[in-house]
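Data block below; observations after.
Reminder, nothing fancy here: chain letters follow the sequence lines and each chain counts from 1.
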4 protein chains.
Amino acid sequence: MCPKVTGQYKTEIKEKIIQAAIESFAQTGFDRTKMEDIAKRLDLSKGTIYLYFASKEDLFLAICEHYLKFLKEQQLSTIFTRKEDVVLYAEHFYENFRKLERGNDRVMLEMVVESTRNQKLRKGMYEHRLKVYDNVVEHLSKQIERGFIKKDIDVNGLASAFVALYDGLAASRMLGISEAQSKKAWVAMVRAVMAGIGG
Amino acid sequence: MCPKVTGQYKTEIKEKIIQAAIESFAQTGFDRTKMEDIAKRLDLSKGTIYLYFASKEDLFLAICEHYLKFLKEQQLSTIFTRKEDVVLYAEHFYENFRKLERGNDRVMLEMVVESTRNQKLRKGMYEHRLKVYDNVVEHLSKQIERGFIKKDIDVNGLASAFVALYDGLAASRMLGISEAQSKKAWVAMVRAVMAGIGG
Amino acid sequence: MCPKVTGQYKTEIKEKIIQAAIESFAQTGFDRTKMEDIAKRLDLSKGTIYLYFASKEDLFLAICEHYLKFLKEQQLSTIFTRKEDVVLYAEHFYENFRKLERGNDRVMLEMVVESTRNQKLRKGMYEHRLKVYDNVVEHLSKQIERGFIKKDIDVNGLASAFVALYDGLAASRMLGISEAQSKKAWVAMVRAVMAGIGG
Amino acid sequence: MCPKVTGQYKTEIKEKIIQAAIESFAQTGFDRTKMEDIAKRLDLSKGTIYLYFASKEDLFLAICEHYLKFLKEQQLSTIFTRKEDVVLYAEHFYENFRKLERGNDRVMLEMVVESTRNQKLRKGMYEHRLKVYDNVVEHLSKQIERGFIKKDIDVNGLASAFVALYDGLAASRMLGISEAQSKKAWVAMVRAVMAGIGG
DNA sequence: CATGAATGAGTCTTCATTCAT
DNA sequence: AATGAATGAAGACTCATTCAT
């Protein structure tokens with residue numbers, strides 16, 4: 001009677017490999033990361049990775065799915081009762097999401113770039129984006145219902161813009177903009193949108 | 001016995017190669033673009049490219065500089081006299097910039113990603129970003145002077161946010177968000193910021 | 001603490017593995033057959049095969065010996081009493097041998113090819129060939145004694161030729177020549193040799 | 001004006017590579033031959049071979065075509081006028097064909113084995129075999145017309161058998177049967193077929 | 001006895017770069 | 001100046017073999 005490797009174990013290893021790959025890809029980029037590099041991070045051999053992922057691309061796709069699954073689970077909480085909380089919440093939201101992907105801005109960008117070529121990935125990321133977007137739309141709508149936000153705004157346009165703003169800040173950080181400045185920009189925009197800056 | 005490539009002619013060829021490389025990189029990405037591909041676009045041989053650029057990386061850097069130079073030349077025009085024009089201008093600005101880089105979102109993103117590794121490139125892109133940012137700050141400040149925008153806003157934060165928003169929309173488009181939706185988001189955000197959406 | 005694999009049981013398993021390997025090698029060829037493939041045919045694990053055979057080559061050699069032993073056991077029966085039976089017998093002989101190796105022409109060819117490199121294998125196959133050849137010589141001689149065949153023929157040459165003919169037909173079948181055509185060729189040759197075709 | 005590499009040159013190199021590959025494959029077999037080995041025979045680098053052949057398999061297929069073309073060009077000459085010449089001719093024919101493929105029996109066998117998997121190759125070899133077969137049929141028919149061979153023989157069966165015999169002798173030689181014995185077998189069979197051995 | 005996860009040497013293949021012409 | 005044949009370092013992937021359980 002030999003101890004069988006449970007599915008559990010397999011899943012754990014896969015998860016570890018994915019984590020190591022995320023680190024490698026984040027550091028060196030997909031194309032310049034060698035399978036060997038990823039293996040070394042885990043004190044594994046090249047071959048072992050191939051026991052769990054059929055190819056480098058396959059591994060990358062698994063990372064993408066991993067992220068998508070992870071991100072889709074995130075929900076925009078909407079628990080606040082005063083108009084002033086809207087801005088406060090914006091900060092929390094930003095910080096929250098930042099934590100989820102800390103250090104992996106680059107992998108996210110690579111995924112965006114890669115999605116240009118990979119139909120399946122593109123679909124996945126597009127759907128994720130849609131979901132995030134829907135969340136934002138719903139969130140904005142609720143605030144309208146509550147009377148925290150005016151009725152005659154372009155909810156769809158604004159939702160798109162907020163998602164893009166968040167992504168754009170990731171690019172900014174990659175170029176060296178500080179985390180603080182990045183957050184400051186987010187807050188300033190949310191605040192401005194809520195209050196208006198027109199003189 | 002080969003006469004050195006010099007002067008006007010040399011510059012022209014270099015420019016052509018850069019253009020071809022931009023197209024290739026935009027289509028296939030830096031790592032997956034072969035020197036041969038670029039050469040073929042120009043009916044040149046691989047070897048010839050090396051007469052003008054020392055390496056593939058060198059060529060990429062030249063593209064970056066090319067873009068930076070190009071982008072730095074762009075100025076935020078500030079010619080409008082009525083408060084209402086601010087939003088109108090936002091549209092023009094967006095369209096203008098879009099034209100400048102049409103189809104090359106990807107190269108821009110690659111540059112951002114690449115800048116993570118390349119000190120020189122990173123510095124260049126950072127400086128460019130700073131310049132764009134300065135322009136936006138300056139622009140906002142002028143509107144404050146004119147009384148089109150309130151005095152007590154976070155100019156720096158907002159400027160950062162607008163630059164990020166623009167970049168983020170590029171990422172959105174790569175994922176399949178339409179050009180129209182992208183523009184709509186931009187306008188909605190500008191409009192909201194100007195007027196405020198607080199109920 | 002593992003008891004050694006021994007005796008009857010061990011032999012049985014070895015036999016099973018050899019059979020599975022023959023099938024695999026016949027289908028995919030030696031080099032392209034994976035140990036895993038063989039293991040799967042038996043619902044065994046790769047590791048188990050190594051309990052019985054030291055290496056892939058070792059397994060192949062065992063197959064060769066298996067075949068050689070098997071083939072050496074075959075005898076050319078010589079029970080026929082009339083001259084006309086010679087041709088009839090030729091057919092029986094052919095069919096008999098065909099059954100023994102049905103579907104494994106390829107392994108036989110691989111063995112021939114492999115014997116080019118493997119001294120031990122080559123010796124074994126050469127010896128087997130000699131034995132078959134001797135059988136044929138003996139057989140022909142008997143027919144001479146009986147007066148079924150002329151005395152002044154090149155027994156050795158003919159014997160070699162018949163062995164080669166048999167092998168050559170195997171190659172033919174691998175190229176798509178039908179079993180029927182193959183047999184027809186054998187019979188035609190035997191008949192012609194017996195009767196002569198000279199006008 | 002740079003010297004263009006003419007198609008002529010390219011063809012020459014290809015031919016050289018094919019020759020080197022034949023030698024390598026004949027010596028080590030397809031699977032165990034490294035591209036590097038082939039390259040070294042020509043004092044070339046691995047990469048160069050890939051300029052002329054897309055892959056190892058491609059190179060092998062080119063060899064096959066090379067052989068097929070070569071073999072198809074061979075014709076069975078039929079110039080002899082006396083019945084006795086038939087046997088004499090058989091020897092010449094054998095020697096002639098032996099020269100054409102000297103040392104490459106193994107590649108031929110590999111081709112046969114490989115054809116099991118490769119549809120295209122199989123078709124080519126089958127067609128070649130058919131052509132050789134047709135030649136033999138035609139040749140036999142001519143001898144019948146001339147009255148050198150009886151009318152009531154199974155021409156098709158005999159033709160198949162002669163082709164197979166030739167191939168089978170190749171296998172024999174690989175196992176260590178001498179060239180002389182091989183030829184002797186051929187001659188004995190031809191002679192027997194012509195004269196009959198029935199007592 | 002049996003297992004199958006892990007290993008890493010071995011190969012094919014790619015492609016940036018060089019250089020003789 | 002331009003070419004494109006040649007190079008060879010680099011890296012993805014395979015699979016025979018080992019060994020802890």
Nearest whole Å is fine: how far is [N] [atom2] from [X] [atom1]?
{"X": "B/Tyr50", "N": "E/dA20", "atom1": "OH", "atom2": "P", "value": "17 Å"}
{"X": "B/Leu51", "N": "E/dA16", "atom1": "CG", "atom2": "C1'", "value": "15 Å"}
{"X": "A/Ile49", "N": "F/dG11", "atom1": "CD1", "atom2": "C1'", "value": "13 Å"}
{"X": "C/Asp58", "N": "F/dA16", "atom1": "CG", "atom2": "P", "value": "14 Å"}
{"X": "B/Phe53", "N": "E/dT18", "atom1": "CZ", "atom2": "P", "value": "16 Å"}
{"X": "A/Leu42", "N": "E/dT7", "atom1": "CG", "atom2": "C1'", "value": "15 Å"}
{"X": "C/Phe60", "N": "F/dA16", "atom1": "CZ", "atom2": "C1'", "value": "16 Å"}
{"X": "D/Lys10", "N": "F/dA5", "atom1": "NZ", "atom2": "P", "value": "5 Å"}

* Asked: In residues 13-36 of chain D, which ones come under 4.0 Å of DNA chain E, going by heavy atoms?
  ->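 Output list: D/Thr33, D/Lys34, D/Met35.
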* Reckon A/Tyr52 has a side-chain N or O less than 4.0 Å from the OP1 or OP2 of E/dA6? ->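 For E/dA6, OP1 or OP2 has a side-chain N or O of A/Tyr52 closer than 4.0 Å.
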* **Phosphate OP1/OP2 of E/dA2 contacted by C/Thr48 side-chain N/O (<4.0 Å)** =>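 For C/Thr48, the contact criterion (side-chain N or O under 4.0 Å from OP1 or OP2 of E/dA2) is not met.
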Closest approach of [X] to [Y] (non-hydrogen atoms, all atoms of both residues):
{"X": "C/Asp31", "Y": "C/Lys56", "result": "O-NZ, 3.4 Å"}
{"X": "B/Ser115", "Y": "B/Met125", "result": "CB-SD, 4.3 Å"}
{"X": "A/Cys64", "Y": "A/Met111", "result": "SG-CG, 3.4 Å"}
{"X": "C/Phe53", "Y": "C/Ala62", "result": "CE2-CB, 3.5 Å"}

* Partner of F/dA9 by Watson-Crick or G-U wobble geometry, both contacts under 3.5 Å, or none? ->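 For F/dA9, the partner nucleotide comes out as E/dT14, under the 3.5 Å rule.
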* For E/dA20, which nucleotide in any strand shown is its Watson-Crick or wobble partner with both distances under 3.5 Å? ->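 F/dT3 is the nucleotide pairing with E/dA20.
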Counting only side-chain heavy atoms from C-beta out, which of [options] sits nearest to [X]?
{"X": "B/Leu44", "options": "E/dA6, E/dT3, F/dT3", "value": "F/dT3"}
{"X": "C/Tyr9", "options": "E/dT13, E/dA2, E/dT17", "value": "E/dA2"}
{"X": "D/Lys56", "options": "E/dT18, F/dA2, E/dC12", "value": "E/dC12"}

* Asked: Is the shortest side-chain N to carboxylate O distance from C/Glu110 to C/Arg106 below 4.0 Å?
  ->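 The answer is yes: the pair qualifies as a salt bridge.
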* Asked: Any ion pair linking A/Lys16 and A/Glu12 (charged N to carboxylate O, less than 4.0 Å)?
  ->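 A/Lys16 and A/Glu12: not salt-bridged.
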* To do: Using the closest heavy atom to pick a nucleotide of DNA chain E for each, name whichever of B/Ser55 or D/Ser55 lands nearer the 5' end.
  =>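 The residue mapped nearer the 5' terminus is D/Ser55.
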* Asked: Which residue, D/Gly47 or C/Gly47, contacts DNA chain F at a nucleotide closer to its 5' end, judged by nearest heavy atom?
  ->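 This one resolves to D/Gly47.
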* Classify the side chain of D/Lys46 versus the base of E/dT13 as yes if they form a donor-acceptor pair under 3.5 Å and no if they do not. =>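 Indeed, a donor on one side and an acceptor on the other fall under 3.5 Å apart.
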* Asked: Which word best sums up how the rings of D/Phe60 and D/Phe25 line up, parallel for under 30°, tilted for 30 to 60°, or perpendicular for over 60°?
  ->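 Perpendicular: the ring planes of D/Phe60 and D/Phe25 meet at over 60°.
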* To do: Identify the residue among D/Lys34, D/Arg41, D/Arg32 that makes a side chain to side chain donor-acceptor pair (under 3.5 Å) with D/Ser24.
  =>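 By the side chain to side chain donor-acceptor pair (under 3.5 Å) criterion, D/Ser24 pairs with just one of D/Lys34, D/Arg41, D/Arg32: D/Arg41.
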